[in-house]
Number of protein chains: 2
Amino acid sequence: MSSQDIFEKSLRTHKLSLTQPRQAVFDALQHHKSLTMSELVKSCENFDRASVYRTAELFEKLGIVVRIPTGWKYRLELGEAFLEHHHHATCSTCGASIALPEDPALEKRLRELAARRDFTLTTHQIELTGTCAGCATNS
Amino acid sequence: MSSQDIFEKSLRTHKLSLTQPRQAVFDALQHHKSLTMSELVKSCENFDRASVYRTAELFEKLGIVVRIPTGWKYRLELGEAFLEHHHHATCSTCGASIALPEDPALEKRLRELAARRDFTLTTHQIELTGTCAGCATNS
DNA sequence: ATATTTTTTGCAAAAGTGTCGCAATTTGTA
DNA sequence: TACAAATTGCGACACTTTTGCAAAAAATAT
């Protein structure tokens with residue numbers, strides 16, 4: 001089942017129309033792995049800003065996209081149905097973004113932590129900040 | 001040493017003045033444990049919006065406050081010199097921000113994970129998204 | 001295929017957010 | 001108390017995000 005199929009099925013399941021703006025937003029997110037809101041609006045310049053915003057909000061509710069907090073802005077990425085769940089470490093010296101190995105134990109621990117506050121976890125984000133190997137040796 | 005003392009000392013160390021707007025921002029953050037920017041501006045209504053923004057930015061640089069990403073907004077809290085290091089769960093239904101209990105094992109695990117990529121961790125953010133107990137029962 | 005119904009869009013307007021330069025005020029210091 | 005330096009408030013501006021509503025597009029039934 002292709003990403004496109006998963007996308008279309010997700011809309012159909014919720015009785016939502018597959019429209020041009022929605023397809024454009026989905027395509028933009030597939031081509032660029034992650035986008036800020038203004039980048040997304042620019043990528044969909046044939047369509048109205050309001051539609052892009054409404055679509056982004058809708059997709060987030062459906063789990064098609066997730067918001068990744070990066071400092072004080074955020075970026076949009078396709079959700080777990082399309083991309084492997086993962087986290088990143090960002091080097092504050094060179095700006096490199098390092099993908100982290102999966103850690104089921106960590107994920108489990110987070111679920112337990114949430115459960116202690118009677119919180120039902122739908123998703124989570126982890127953002128590590130520090131210095132990568134290269135920058136650590138060169139300083 | 002009281003929070004107020006730590007606050008004043010931090011300003012003095014950096015040769016910065018203890019002004020009314022700065023005190024007001026600090027007070028607001030002490031009284032409400034966590035605030036969005038617009039809430040903070042409202043809490044400091046005797047002072048100008050620009051001053052509150054400038055103060056927030058300054059305090060963040062000094063480590064007096066930290067930005068907590070919560071979905072599409074962010075909240076401000078006093079930093080680690082004033083508050084224990086902790087993380088949050090954000091309810092996607094009502095927007096509530098729930099402080100999570102400390103978990104040294106989780107923190108340790110993150111350091112190990114970073115180490116596996118030869119990454120030296122300086123700080124990190126964790127954000128859980130889901131449904132709080134209240135919203136789960138009312139739906 | 002076409003008509004009908006429902007959903008979604010584009011538009012235009014408005015509210016909200018964050019930033020900047022600069023004169024006036026406040027603060028720290030002598 | 002007075003002076004120099006730091007900071008504020010004001011006003012303006014550039015984005016960003018949201019909203020109501022008539023028009024258009026999409027889904028559904030004929």
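Note that these values count all heavy atoms, side chains included, but never hydrogens, waters or copies made by symmetry. Every chain is numbered from 1, with letters handed out A, B, ... down the list of sequences.
Formation of a donor-acceptor pair under 3.5 Å by the B:R67 side chain with backbone atoms of B:L76 is not found in this model. Under a 3.5 Å cut-off, the side chain of B:E8 and the backbone N or O of B:D5 do not form any donor-acceptor pair. Using a distance-only test at 3.5 Å, with no hydrogens or angles considered, a donor-acceptor pair links the side chain of A:T122 to the main chain of B:T129. Side-chain atoms of B:S10 do not come within 3.5 Å of backbone N or O of B:I6 as any donor-acceptor pair.
Of the candidates D:dT8, D:dT7, C:dT9, the closest approach to any side-chain atom of B:L16 belongs to D:dT7. Closest approach to the A:A50 side chain among D:dT19, C:dG10, D:dG9 is made by D:dT19 (side chain taken as heavy atoms from C-beta onward).
Clustering of Ile, Leu, Val, Met, Phe, Trp and Tyr by side-chain heavy atoms under 4.5 Å joins B:I68 with B:V66.
A straight line from CZ of A:F59 to P of C:dT8 spans 11 Å, rounded to a whole angstrom. The NZ-P distance, from B:K15 to D:dA4, rounds to 20 Å in whole Å. Note: CG (B:L40) to P (C:dT17) measures 12 Å, nearest angstrom. Spacing between atom CZ of B:R54 and atom P of D:dC10 amounts to 11 Å, rounded to whole angstrom units. Going from atom CD of B:Q23 over to atom P of C:dG28 covers 11 Å, rounded to whole Å. Per the geometry, CD belonging to B:E39 stands 14 Å off C1' belonging to C:dT17, to the nearest Å. Rounded to whole Å, the distance from CG on A:D48 to P on D:dA25 is 14 Å. Going from atom CG of A:L58 over to atom C1' of D:dT19 covers 17 Å, rounded to whole Å.
Taking every heavy atom of residues 1-8 of chain B and every atom of DNA chain D, no pair lies under 4.0 Å.
If you check distances only, the side chain of A:R49 never reaches the base of C:dG10 with a donor-acceptor pair under 3.5 Å.
If B:M37 and B:L18 are placed on DNA chain C by their nearest nucleotide, the residue sitting closer to the 5' end is B:M37.
Looking at heavy-atom distances under 4.0 Å, A:R22 makes contact with sugar-phosphate atoms alone, never a base.
OP1 or OP2 of D:dA25 has not a single side-chain nitrogen or oxygen of A:S17 nearer than 4.0 Å. Within the structure, a side-chain polar atom (N or O) of A:Y53 is placed less than 4.0 Å from OP1 or OP2 of D:dT17. For A:Y74 and D:dT17, the shortest distance from a side-chain N or O to OP1 or OP2 is below 4.0 Å. One finds no side-chain N or O of B:Q20 lying less than 4.0 angstrom from the OP1 or OP2 phosphate oxygen of C:dT25. In this model, the phosphate group of C:dT26 is not approached by any side-chain N or O of B:T19 to a distance below 4.0 Å at OP1 or OP2.
Under the 30°/60° scheme for interplanar angles, the aromatic rings of A:H87 and A:H124 are found to be tilted.
Neither A:V25 nor A:F47 shares a network with the other; the hydrophobic side chains, linked directly or stepwise wherever heavy atoms of I, L, V, M, F, W or Y lie under 4.5 Å apart, form separate groups for each.
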Show, in sequence, the C-alpha distance, side-chain angles and deciding distance for B:E107 and B:E102, and conclude whether the side chain to side chain contact (heavy atoms under 4.5 Å, CB included) test is met.
CA-CA 9 Å; B:E107 309 284 318; B:E102 267 194 271; over 6 Å; no
